[in-house]
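These numbers were taken from a predicted model, which means no experiment stands behind them.
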Amino acid sequence: IVFDPTAHSDEHSIEVQLPFLQVFGKIPPIIPIVIASHDRSICKDLANTLAPWFTPNNLFIVSADFSHYPSYEDAIRIDHQTANAFCSGEPSQFLDILQENEEEHVNGLSTSMCAWPAALSLMYLAEAETGLTYEQLHYSNSGDHKLYGDKKRVVGYHAIALRGKKPETGFYLSNRGKSEVLDLSRRTLEKYGSRPEKEDSPPHSSSEELLQSAGAFVSLKSNGKLRGCI
């Protein structure tokens, strides 16, 4: 991450957001970030860097137009596919739908989402937290404008909120914890499956949430068929 004022000289995304923020009165300090890369690993690194500030005290605003220049009907279809994949909270599903949209070669479509790395960074941030839900608030595209809308060539816009919900009672793993449990389970099976003798040191975790005492129900399946449970 570098400080480069020239990065904002021709970039207007932030000033577009300011009038909406002014509705709430005095604007708090803003840290503008422009992502100039399509490298997925950089998005994940950025999310890890920003994670300490991803709290209820801070508001994260991600700005990205959706489809660029397909017809009105194609935009509605593609934009909803993209939004549904984004709201799944699964980065792989989001990336897959972007690829599928591109491979469909829709007439006029140059991108499904111009700043998808910013959206992906938010997904990486959110997947490490529990109790967050995506909510699609409103959709329209430039063809909806009564005076200037051209339905032959449009740009799509979605308003989506990422909200925290009231936590349920009981013990629940975060998405990051779930991923770590899955990885630990896989490595344990690989370790004991390759050696018939029992070993004293199975893979372990140092994560605090995984060190809590709790019940566990484990099911083993092979090609979708149940092989055992305990």
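- Listed for the D144 side chain is a donor-acceptor partner under 3.5 Å among the backbone atoms of N141.
- Atom OG of S121 is separated from atom CZ of R40 by 12.5 Å, given to the nearest 0.5 angstrom.
- Nearest heavy atom pair, residue S71 against residue V154, reads O-CG2, 3.9 Å.
- With hydrogens and angles left out, the side-chain atoms of S13 and E11 include a donor and acceptor closer than 3.5 Å.
- Side-chain contact between Q81 and F86 is absent, with no heavy atoms from C-beta onward closer than 4.5 Å.
- If you take CG on L162 and CD on E129, they are separated by 9.5 Å, rounding to the nearest 0.5 Å.
- Not less than 6.0 angstrom separates the ring centroid of Y157 from the ring centroid of F66.
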Practice problem: Please step through side-chain contact (heavy atoms from CB on, under 4.5 Å) for the pair Q22 and I27, ending with a clear verdict. | Solution: CA-CA 6 Å; Q22 287 172 330; I27 300 178; 3.4 Å; yes
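- In the displayed structure, L137 atom CG is contacted under 6.0 Å by more than 12 heavy atoms of other residues, nucleotides or ligands.
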Quiz item: Which is it for L50 and F60 under the side-chain contact (heavy atoms from CB on, under 4.5 Å) test, yes or no, and what are the steps along the way?
Solution: CA-CA 10 Å; L50 295 176; F60 280 65; 4.1 Å; yes
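- With a 6.0 Å radius and a threshold of 12 heavy atoms from other residues, nucleotides or ligands, R186 has its CZ atom at or below the threshold.
- Under the 4.5 Å side-chain heavy-atom criterion for Ile, Leu, Val, Met, Phe, Trp and Tyr, M113 and I78 are members of distinct hydrophobic clusters.
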Practice problem: For F94 and S88, run side-chain contact (heavy atoms from CB on, under 4.5 Å): C-alpha distance rounded to whole Å, both residues' side-chain angles, the deciding distance at 0.1 Å, then the answer. | Solution: CA-CA 8 Å; F94 175 64; S88 73; 5.7 Å; no
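- Between S142 and D150, the side chains place no donor N or O within less than 3.5 Å of an acceptor N or O (distance only, hydrogens not considered).
- Heavy-atom minimum distance, T55 versus P52: CG2-O, 3.6 Å.
- Side chains of D79 and Y139: a donor on one and an acceptor on the other come within 3.5 Å.
- Distance NE2/H68 to SG/C114: 4.5 Å, rounded to 0.5 Å.
- If you chain together hydrophobic residues whose side chains sit under 4.5 Å apart, I42 and L122 never meet in one group.
- By the 30° and 60° cut-offs, the orientation of the rings of W116 relative to H38 is tilted.
- By the 4.0 Å N-to-carboxylate-O rule, E73 lies too far from K152 to be salt-bridged with it.
- What you find for P32 and H8 is that their closest heavy atoms are CB-CE1, 3.8 Å.
- Residues A118 and I35 approach most closely at CA-CD1, 3.6 Å, considering heavy atoms.
- A distance of 8.5 Å separates OG in S9 from CG in D4, rounded to the nearest 0.5 Å.
- Side-chain atoms of E180 and L210, non-hydrogen and from C-beta on, do get closer than 4.5 Å to each other.
- Within 6.0 Å of the CG atom in D39, the count of heavy atoms belonging to other residues, nucleotides or ligands exceeds 12.
- With contacts defined as side-chain heavy-atom distances shorter than 4.5 Å, the pair L125/N48 does not qualify.
- Under the 4.0 Å criterion applied to side-chain N and carboxylate O atoms, D74 and R77 are assigned as salt-bridge partners.
- The nearest pair of heavy atoms linking C43 to P117 is SG-O, 3.4 Å.
- Using modelled atom types, one side-chain atom of N101 and one backbone atom of I97 make a donor-acceptor pair closer than 3.5 Å.
- Counting heavy atoms from C-beta on, the side chains of S67 and T111 never come closer than 4.5 Å.
- Side-chain atoms of Y69 and L109, non-hydrogen and from C-beta on, never get closer than 4.5 Å to each other.
- Taking CD of E100 as the start and CG of L95 as the end, the distance is 11.0 Å to the nearest 0.5 Å.
- A donor atom on one side chain and an acceptor atom on the other are found under 3.5 Å apart for Q136 and N84.
- One hydrophobic cluster, built from ILVMFWY side chains closer than 4.5 Å, holds both Y124 and I1.
- Considering CG of L182 and CZ of R187, their distance stands at 11.0 Å, rounded to 0.5 Å.
- Counting heavy atoms of neighbouring residues, nucleotides and ligands inside a 6.0 Å radius, atom CD1 of I31 does not exceed 12 of them.
- In terms of heavy-atom proximity, V62 sits nearest to A119 at CG1-N, 3.8 Å.
- Note on I61: it does not cluster hydrophobically with I14, by side-chain heavy-atom contacts below 4.5 Å among ILVMFWY residues.
- Under the 4.5 Å side-chain criterion, counting only non-hydrogen atoms from C-beta, L220 is in contact with L189.
- Residues I160 and C87 have side chains in contact (heavy-atom distance under 4.5 Å, counting atoms from C-beta outward).
- Between H158 and H138, the distance from one ring center to the other does not fall under 6.0 angstrom.
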Practice problem: For the pair L132 and R163, evaluate side-chain contact (heavy atoms from CB on, under 4.5 Å) and give the outcome as yes or no after the intermediate values. | Solution: CA-CA 5 Å; L132 297 179; R163 304 181 187 275; over 6 Å; no
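- When atom types are taken as modelled, the side chain of K151 and the backbone of G143 share a donor-acceptor pair closer than 3.5 angstrom.
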